[in-house]
Structures are given as structure tokens and as C-alpha cells.
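So that the names make sense, note that chain A is the first sequence line, chain B the second, and so on, each numbered from 1.
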2 protein chains.
Amino acid sequence: MKNTVRTWLQLWLLVLLLAAQPAAMAQSGDSLPSWNDGAVKQGIEAFVRQATTASSAGWVPGAERIAVFDNDGTLWSEQPMYFQFLFALDQVKAMAPAHPEWKTTAPFDAVLAGDVKAVLAGGDKGMAQILMATHTGMDTEQFSQSVSAWVASARHPRSGRPFTDMVYQPMLELLALLRENGFKIYIVSGGTVEFMRAWSERVYGIPPEQVIGTSFVTRFDRGADGRPVLRREAKLDFLDDGPGKPVAIQKYIGRRPVFAFGNSDGDLQMLQWTAAGPGARFMGLVHHTDGEREWAYDRASSIGRLDKALDEATARRWTVVDMKRDWKRVYPFP
Amino acid sequence: MKNTVRTWLQLWLLVLLLAAQPAAMAQSGDSLPSWNDGAVKQGIEAFVRQATTASSAGWVPGAERIAVFDNDGTLWSEQPMYFQFLFALDQVKAMAPAHPEWKTTAPFDAVLAGDVKAVLAGGDKGMAQILMATHTGMDTEQFSQSVSAWVASARHPRSGRPFTDMVYQPMLELLALLRENGFKIYIVSGGTVEFMRAWSERVYGIPPEQVIGTSFVTRFDRGADGRPVLRREAKLDFLDDGPGKPVAIQKYIGRRPVFAFGNSDGDLQMLQWTAAGPGARFMGLVHHTDGEREWAYDRASSIGRLDKALDEATARRWTVVDMKRDWKRVYPFP
């Protein structure tokens, strides 16, 4: 092959060609180095290769390359409890000076005394009160700042690392592979949307407008200085879990995804909705089987229960990632 | 300048460079040929030039280049009534065979008799009933198909042209200019989101996931064949008008826009929210001043009333497009 380009025309044609064809999957290297070789890795690679090959039966036009990922337990860990709950507990402490009454009011008194067992004994109602008190009342900018401050300082109780280090290295590689191949990636999470948006772009490369989650009602109002603000009201706006996930996908994206990944029964309807479209599609589940490097839990777990979705994935031959078997490493850190 | 490129390295560097720099504003041609020269056109061009010039005080980082546009009266006409209302009236006729009771039930009887005056005399309540009956009850795919069928066959009562021809040529040029300069463009409309998504990509180049609007509740369900469907319920989910627009922007996009365009008081809070951010921003209004080529209406109109927003735009020196003065042509057709 000549190593010169003769005319500007030829050069521009080449540029056009490059722009029209998303970079083919790197043949010179392994795009998924943290995945062990096997059916799961091969299945992912084959789907992406076919989706981006115009002559393939599995080809997916560029605009239709929508991929959706659950967050907790799919992109980062969710033990010993959802990280957003740990944020809420820390926020109670941070906000306590402005709430002297919390010292003598359940469930806040237990949080302030550091008695997590008592907090959990208070059940879902106590946890809901804590979420409400720490996630609403302020304006959207104030809330985002409190999340950013927490992400910068808080540490995971087991690893001692920032929570944003507790992301799965193999999934980061999968996100990059999809992105390089022209997929538009969305998070569709039961967690609240503005909690994730404060760090999703830096950590996952997923911009705020591609993060969908549970939301509180906000109200257009004026701040103390007269500038418009959006106040977070103590009222749930949308619950983005289970059947809410396909509803949210339609509402926010308006297209059916061709690629979906989750890890729990809360993701089942999102996977069903993705599976029900025409043409090539990929449905995947992360199965938490690694009690040493991460955690092992499924059908009996209260957090991230994986039961019905596991049965359906098996019956319909969706991809099930066995974390222990399929992942060479779990986290980006050693 | 040499017309050869010596090595692949040089070629790739050039490609990299091209990818990294959004095409500068065309100096060889006019990006806004349907806009008359004057302060409005110059203001738009100056904003875009500065937003994309890293050394400028008005520079906007790529990820922050979010532009929001109202639809009715801003991107396409909204007279003699919102086009979505005309769709609803036509749908009553299309759906009538399955609803024999409509022949004797107001407001449907008037619609079927072609008596638009009687329909309008029924006021907002009658119109709401018509919208409800024609926009809910079916699943999301069925609804999208009905919109597509209507768009393909219906004609505007004055021009006799497809409704999607009634878009403003100067605004199409503005959308293209922004897109070429790395802006991500969203529609934020009081109309319902799935009505617009059926044609927004083809007509405006705006994909469904960048269309925000009023929505009905949808419910995850099973169709007759057992496949999952999303049923459109007879319940309003979100009203995307007035103060709802900044709420929707935060909910769907999660970033404050730097560029916003509307045409009525329903866009005021969207403009205020856009204006309240730091750094360079652009707020614009289309003022319908052209009773010959389009329609002339503002403070006294029930459709697209422009009163408070016009006062605030004047006071705060936002851009006000005088359609008659600033637009060389209105529609793409002659």
C-alpha cells in the first residue's frame, strides 16, 4: 500500500469513510482484558462485532445502538448496603447541627449514635425517613454539591477506598467497548438520578443527560437572592425500578434498547422490554458469585435479590456473568 | 500548501485534529442564509463564534453546549391551532368506527359532524376529553404509528402542505449551525413527547432521546400475544409548560442549558433558568409579527400568548426575533 495520499479529495474521502464507519473492534488488542476467555466474553464480542458489521444479520443501525445498564450491583458494588444509603446516613451527621431535634427523634438518634443496627431495625420506614430528610428540602445545586463533597471524602467500610473506586473494572471495559462502537449508553437505576449524575461522567464517562433514575418532585422557585432555583420537594416523582424501568426508558429515551445489563429482579422488566424488540439484542445479568473478591448473594438477599430474573435468563439463554468465573479482576485497584 | 500527506502518522494526526475541533463557523459561506442581516443574526453568530473559541471569554466547554428549543410557534407554526389538536380531531374521525357512542356524545359528535366551531365552543374541557380519548388507551407503538400515519397524510388547512413542511427555514438553519458547532439540541415542548418523537429526527435532526414534552402515564403490561407493551393510561404524568420546563430540563438533562429559544409566556421560566447560569448564555424569542407570510399575534392571543416574556426579554435585552423584519423566508417551500 502506498503511504501517500495524492489529493485533498482522496484525503477527504478517507475522512468521510472513517467518520461513516465506527472504529472496528480493535484487532490488535483485547478490548476486554479483565474478562476471562469463555462463552460470556465471546458472546459480548460477537454481539458488538455483528452489530457494527453492515453485512451481518446482527447489524444495528447507528441511531439504534442504545445500551442500558443498571447501576447498583451491575456497575459498582452494593454491599454491605446500597452506597446511596451510606451517603444518607453520613448526611444525617453532616446536617445534624441544623436539626437539634434529631438527637431525640428516631431514627435519626440512632444514626447520630452510630448505631447502624438500630437504624436497620427501624426497617424500611426509618430508612425512608432518612432518605427523605437528606434528599429533599434543598435546591438541586445544593444537593449535587453535598453528593460531590461526600464522594470526595467518604470511604467504603471494607476496602477503605472512595466509593467511586468500587466500580467493576470489567464493566468499565465493556462501557468503553460499546462507546467505541457507537453505542449510546444510559444508566437506568433504582437509585436517585441526581445522586449518580454528580459523578457518573467522571467515573463511567456517562454524561448526566444519559442517567435515568428514581426522582423527587422539584419545584421552580426563587432563591434568597431572587435567582431561580429548583427546590427538591418531599414527594417521590418517579420510582425507577422493576416495571418502572421500561416506563422510564420510553419516557426518557423513546427508543427500545438493543443491549441491557442488570443484576437483580428489579432489572427483569428492563431485560424483557429489551428482548421484545426485533433484530439482534443482548440481555445480560451480573451474578454475584464471588464471596472472596466481592460478595456472593442471589435468591435470598434483600439487597439485589436475583431470583426470578435468574430463572428467566436461564430459560431464555440470556447472558449470565458468573463473577468468580468470568472476571479476571473485579475492581480497578489491585 | 502541499497537496500530499507524507505519512500515515501525519494523516492520523490530521484526522485527530479534525475530530478534536468542531468545524469552525463556515467562513466561506453564510450559515444562516434565510436570516436578514442585522442585530439578531449578528448576535446569534457572535454567540456561537465565541462559544466555540477557546480563547474567548464566551467560550463554552463542549459538554456544556446544551441548547433547548420550544416547538410550537418556535420551530413550526401553531396556527390556526396547535397542530397536535388538529391531529386529535382527525383521530376522532379515524377511531370513530370503534366508538359508535361518539355519534351522540359531546364533544365527539361535533368533531364527527366537522363542526370545529362547536368543538371550540366546548372550551378546554371538551378539548381535554378529545386529547384524552385520542392519546391514551393504546400502547406506545400503536400511538406512534397513528402519529406517523397522520403526518404522512394530513394537510395544513391554509397551505395545503404536510404539517411537517410548516417548519421555519431560518430555525432549521439555526439548528444546523448549533449542531455543527457541537451543541446538543433538545426540544422542550408543551406538546406531548411521543407526538413529536414520531417525526422530530427526520424533520429537525433531533433524535427521540432529545425530545422532552408533556407526557401521559404509561404502564408496563402484556399484549394479546404475551409480549411486553407499555400502555398509555388516561392520566397526565407531567405537564411540560411554564415552570414545568426548567423542572423537565433538570429531570431529563441534568445540566443547565446555555442557549434557549421560545416564543410565548410558557417559555419564560425556561429562559429565566437558562439566563441564571454563569458564563455566556443566549436567550431568544420568536415574535410573530408577520401576518402575511405567517401569522401576527402576541399579547392578546390565546394560542402562544407572548406578553410577560416579551416585557422581560426587552428589559433584560434577550434576543427578540421580529419575524417580518429578521426572516428572509419563513418556510422551506416557496
Side-chain angles (χ1 to χ4, degrees), chain A residues 1 3-11 14-15 18-19 63 66 140-141 144 184 186 193-194 196-198 200-201 207-212 215 217-223 226-230 237-238 242-247 249-256 269-270 272-276, chain B residues 1 3-11 14-15 18-19 63 66 140-141 144 184 186 193-194 196-198 200-201 207-212 215 217-223 226-230 237-238 242-247 249-256 269 272-277:
Chain A
M1 190 186 284
N3 69 350
T4 56
V5 173
R6 302 291 288 273
T7 68
W8 279 107
L9 177 65
Q10 284 172 301
L11 179 57
L14 191 58
V15 169
L18 289 169
I66 303 285
T140 51
E141 291 192 0
S144 295
K184 197 165 182 178
Y186 285 81
V193 60
E194 298 197 301
M196 294 177 284
R197 281 176 173 166
S200 64
E201 186 151 35
E209 62 268 29
Q210 287 161 229
V211 179
I212 299 170
S215 56
V217 169
T218 64
R219 183 171 52 83
F220 187 74
D221 195 12
R222 293 280 166 180
R227 285 182 55 216
V229 296
L230 291 168
D237 172 46
F238 183 77
K245 290 200 175 191
V247 167
I249 286 169
Q250 181 64 17
K251 190 160 138 167
Y252 283 76
I253 311 178
R255 295 196 217 250
R256 194 192 298 265
Q269 289 84 357
M270 175 170 84
Q272 289 170 337
W273 180 245
T274 302
Chain B
M1 188 186 284
N3 68 351
T4 55
V5 173
R6 301 291 289 273
T7 67
W8 279 107
L9 177 66
Q10 284 172 302
L11 179 57
L14 191 58
V15 169
L18 290 170
I66 303 285
T140 51
E141 292 192 358
S144 296
K184 196 165 181 178
Y186 285 81
V193 60
E194 298 197 301
M196 294 177 285
R197 281 176 173 166
S200 64
E201 187 150 35
E209 62 267 29
Q210 286 160 228
V211 179
I212 299 171
S215 56
V217 170
T218 65
R219 184 171 51 84
F220 186 74
D221 195 11
R222 294 281 164 178
R227 284 182 56 215
V229 296
L230 290 168
D237 173 46
F238 183 77
K245 290 201 175 189
V247 167
I249 287 168
Q250 181 63 19
K251 191 160 138 166
Y252 283 77
I253 311 177
R255 294 196 218 251
R256 193 192 299 264
Q269 289 85 356
Q272 290 171 336
W273 180 245
T274 302

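Considering every non-hydrogen atom in both Trp273(B) and Pro228(A), the closest pair reads CZ3-O, 3.5 Å. Taking each heavy atom of Pro208(B) and Gly254(A) in turn, the nearest pair found is CB-O, 4.0 Å. For the pair Ala276(A) and Arg256(A), the tightest heavy-atom approach, listed with the atom from each and the gap, is CB-NH1, 3.6 Å. Nearest heavy-atom pair across Pro246(A) and Met270(A) is CD-N, 3.9 Å.
Looking at Asp221(A), there are no atoms closer than 4.5 Å to chain B (heavy atoms on both sides), in backbone or side chain. Using a 4.5 Å cut-off between heavy atoms, Phe238(B) makes no contact with chain A at all. With a 4.5 Å cut-off on non-hydrogen atoms, Ile66(B) touches chain A through its side chain but not through its backbone. For a residue to count as touching a neighbouring chain, one of its non-hydrogen atoms must lie under 4.5 Å from one of that chain's; by this rule Thr140(B) touches chain A with the side chain only. Proximity to chain A involves both the backbone and the side chain of Lys251(B), based on heavy atoms less than 4.5 angstrom apart. Contact of Val229(B) with chain A is made through the backbone alone, with heavy-atom distances under 4.5 Å.
Arg255(B) and Glu201(A) are joined by a salt bridge, as a carboxylate oxygen and a charged side-chain nitrogen come within less than 4.0 angstrom of each other.
Ile249(B) contributes atom CD1, which lies 9.5 Å from atom CZ of Phe220(A) (distance to the nearest 0.5 angstrom).
Ranked by heavy-atom pairs under 4.5 Å with chain B, the list Gln250(A), Gln210(A), Glu141(A), Gln272(A) is led by Gln250(A). Looking only at heavy-atom pairs under 4.5 Å with chain B, the residue among Val193(A), Val211(A), Asp237(A), Ile212(A) that has the most is Asp237(A).
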